[in-house]
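Since the structure comes first, as structure tokens, the remarks are kept for the end.
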Amino acid sequence: MREAIGWCCRLLGRLLRGLAVLGQSAGFVVPVVEPPRRGPAPGHPERLRPDVPLSPVERELRRQLRGVGGWTEAP
């Protein structure tokens with residue numbers, strides 16, 4: 001059973017690579033996915049106003065979220 005699954009995965013991989021080559025030869029471009037961003041998204045309030053200190057509630061949330069999801073911003 002494991003061999004059959006491995007064979008199917010290899011076949012699928014070859015098929016997908018072949019489709020990508022076929023699409024490129026027909027003039028289609030394979031989209032490039034940007035890596036995920038770190039920290040707040042553009043336009044997020046912390047990005048817009050770094051000069052405004054956090055409220056007590058925001059400071060408590062920052063304390064609770066330290067280390068969650070790879071977020072390690074300094075206090």
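In this text the structure is predicted, and so the values were computed from the model without any measurement. We count residues from 1, following the sequence as given. The figures here come from the full heavy-atom set of this structure, side chains too, leaving out hydrogens, waters and symmetry mates.
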E3 atom CD, neighbour heavy-atom count above 12 within 6.0 Å
no
Testing the basics here: between L54 and R62, what is the closest heavy-atom pair and its distance to 0.1 Å?
CD1-NH1, 3.6 Å
First locate atom [atom1] of [X], then atom [atom2] of [Y], and finally report the distance between them rounded to the nearest 0.5 Å.
| X | Y | atom1 | atom2 | result |
| --- | --- | --- | --- | --- |
| L65 | E58 | CG | CD | 11.5 Å |
| R17 | L12 | CZ | CG | 9.5 Å |
| S55 | E60 | OG | CD | 10.5 Å |

